[in-house]
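What you see below is based on every heavy atom in this structure, not just the backbone, and it leaves out hydrogens, waters and symmetry mates. Naming convention: chains lettered A, B, ... in sequence-line order (proteins, then strands); numbering from 1 in each chain.
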Protein chains: 2
Amino acid sequence: MEDKDYLKLIGENISSIRKSKNLSTNEFASRCEMEKSNLIPIEKGRINVTINTLIKIANALNVPLDDLLKF
Amino acid sequence: MEDKDYLKLIGENISSIRKSKNLSTNEFASRCEMEKSNLIPIEKGRINVTINTLIKIANALNVPLDDLLKF
DNA sequence: ATTTTAGGTATGATATATAATACCTTTCAA
DNA sequence: TTGAAAGGTATTATATATCATACCTAAAAT
């Protein structure tokens with residue numbers, strides 16, 4: 001599997017968990033203490049996220065890190 | 001748990017798996033197609049690795065990504 | 001004794017993740 | 001019929017991940 005594919009899957013995981021918790025991108029960004037302009041491309045799989053960012057996201061979504069990395 | 005702690009744990013995971021497979025840092029770096037000068041600080045938990053790098057590492061070690069992220 | 005090999009550090013260059021801000025469009029409630 | 005609130009994009013700036021290379025020390029191998 002290509003790197004890009006992993007990023008896309010991670011983005012989809014994040015996006016679908018966020019939606020399942022009824023969080024807007026704004027609310028989500030504020031919980032992550034990150035910029036929406038950075039989070040949306042992450043959900044689209046356009047950014048090669050760092051582990052610290054993934055941890056922030058997992059915390060904001062209140063899920064274990066593993067949930068973001070299911071392939 | 002602090003970000004730094006996660007990085008340290010991930011580094012320890014990587015280091016101990018590498019050693020358990022009897023890989024030198026040079027051989028490891030070459031399998032990752034990465035620089036040793038970047039991998040050693042990762043093992044020390046000094047670098048906020050990206051997902052693509054973690055995936056390269058997991059592939060080089062022939063373990064699932066999850067194995068690097070056990071806390 | 002000399003050479004390898006292994007772990008490790010230092011440094012300058014380049015690519016890119018993230019911040020910060022502004023803006024656009026559509027939808028829907030007031 | 002306006003004006004929030006939603007998803008999304010664009011851009012500039014800053015921090016830092018990764019590359020590329022050179023170098024050091026200690027321990028083993030020859």
Side-chain angles (χ1 to χ4, degrees), chain A residues 1-63 65-71, chain B residues 1-63 65-71:
Chain A
M1 187 156 54
E2 300 281 334
D3 285 357
K4 286 179 191 172
D5 300 325
Y6 285 106
L7 296 183
K8 206 149 212 165
L9 290 173
I10 291 170
E12 284 166 6
N13 289 339
I14 293 170
S15 181
S16 82
I17 296 171
R18 174 180 63 79
K19 287 171 184 163
S20 80
K21 307 226 166 186
N22 290 314
L23 284 175
S24 71
T25 50
N26 277 307
E27 174 65 13
F28 180 39
S30 123
R31 285 203 198 181
C32 290
E33 293 178 301
M34 286 183 62
E35 297 303 318
K36 183 181 64 156
S37 61
N38 194 231
L39 278 171
I40 290 179
I42 288 172
E43 286 193 356
K44 303 269 171 198
R46 295 200 199 105
I47 290 183
N48 177 19
V49 236
T50 65
I51 272 292
N52 283 345
T53 295
L54 279 182
I55 288 167
K56 277 190 200 172
I57 290 174
N59 288 341
L61 293 176
N62 210 26
V63 297
L65 185 53
D66 298 8
D67 282 17
L68 309 183
L69 302 171
K70 301 225 159 102
F71 300 134
Chain B
M1 186 157 54
E2 299 281 334
D3 284 357
K4 286 179 191 171
D5 300 326
Y6 285 105
L7 296 183
K8 205 148 212 164
L9 291 173
I10 290 170
E12 285 166 7
N13 289 339
I14 293 170
S15 182
S16 83
I17 296 171
R18 174 180 63 79
K19 287 171 184 162
S20 80
K21 308 225 166 186
N22 290 315
L23 284 176
S24 71
T25 49
N26 277 308
E27 174 65 13
F28 180 39
S30 124
R31 285 203 199 180
C32 290
E33 293 178 300
M34 286 181 61
E35 297 302 318
K36 183 180 65 157
S37 61
N38 194 230
L39 277 171
I40 291 180
I42 289 172
E43 287 194 356
K44 303 271 173 200
R46 295 202 197 102
I47 290 183
N48 177 19
V49 238
T50 64
I51 271 292
N52 283 345
T53 295
L54 280 182
I55 288 166
K56 278 190 199 170
I57 290 174
N59 288 340
L61 293 176
N62 209 26
V63 296
L65 186 52
D66 298 8
D67 282 16
L68 309 184
L69 302 172
K70 301 225 158 101
F71 300 133

Which atom of A/Leu39 lies closest to which atom of A/Ala29, heavy atoms considered: CD1-CA, 3.3 Å
Review item, nucleotides 21-30 of chain D N/O atoms under 3.5 Å of protein N/O:
residue: D/dT21; atom: O4; partner: B/Ser37; partner atom: OG; Å: 3.3

Contact list for DNA chain D against residues 6-30 of chain A - heavy-atom distance below 4.0 Å: A/Arg18, A/Ser24, A/Thr25
Residues within residues 38-56 of chain A bordering DNA chain D, heavy-atom distance below 4.0 Å: A/Ile40, A/Lys44, A/Arg46
Side chain to side chain contact (heavy atoms under 4.5 Å, CB included) against B/Asp66, all qualifying residues, sequence neighbours excluded: none
Side chain to side chain contact (heavy atoms under 4.5 Å, CB included) partners for A/Thr53, two or more places apart: A/Met34, A/Ile42, A/Val49, A/Thr50, A/Ile57
Residue pairs fulfilling side-chain hydrogen bond (donor to acceptor under 3.5 Å, both in side chains) with at least one residue in residues 28-40 of chain B, sequence neighbours excluded: B/Glu27-B/Arg31
Counterpart residues, side chain to side chain contact (heavy atoms under 4.5 Å, CB included), relative to A/Lys8 (two or more places apart): A/Glu12
Interface limits on DNA chain C, where chain A has a heavy atom under 4.0 Å of a nucleotide atom: C/dA17 to C/dT21
Sequence neighbours excluded - ring pair (Phe, Tyr, Trp, His ring centres under 6.0 Å) pairs with any residue from residues 4-37 of chain A: A/Tyr6-A/Phe71
Partner set under side chain to side chain contact (heavy atoms under 4.5 Å, CB included) for A/Asn13, not counting sequence neighbours: A/Lys70
Pairs touching residues 41-61 of chain B that satisfy salt bridge (charged side-chain N to carboxylate O under 4.0 Å, His left out), sequence neighbours left out: B/Arg18-B/Glu43
Minimum side-chain heavy-atom gap A/Ile55-B/Met1 below 4.5 Å: no
Stepwise side chain to side chain contact (heavy atoms under 4.5 Å, CB included) check, A/Asn48 with B/Ile51: CA-CA 6 Å; A/Asn48 177 19; B/Ile51 271 292; 4.1 Å; yes
Side chains of B/Leu7 and B/Ile47 in contact at under 4.5 Å (non-hydrogen atoms): no
Heavy-atom pair with the smallest gap, counting every atom of A/Ile17 and A/Leu68: CD1-CD2, 3.9 Å
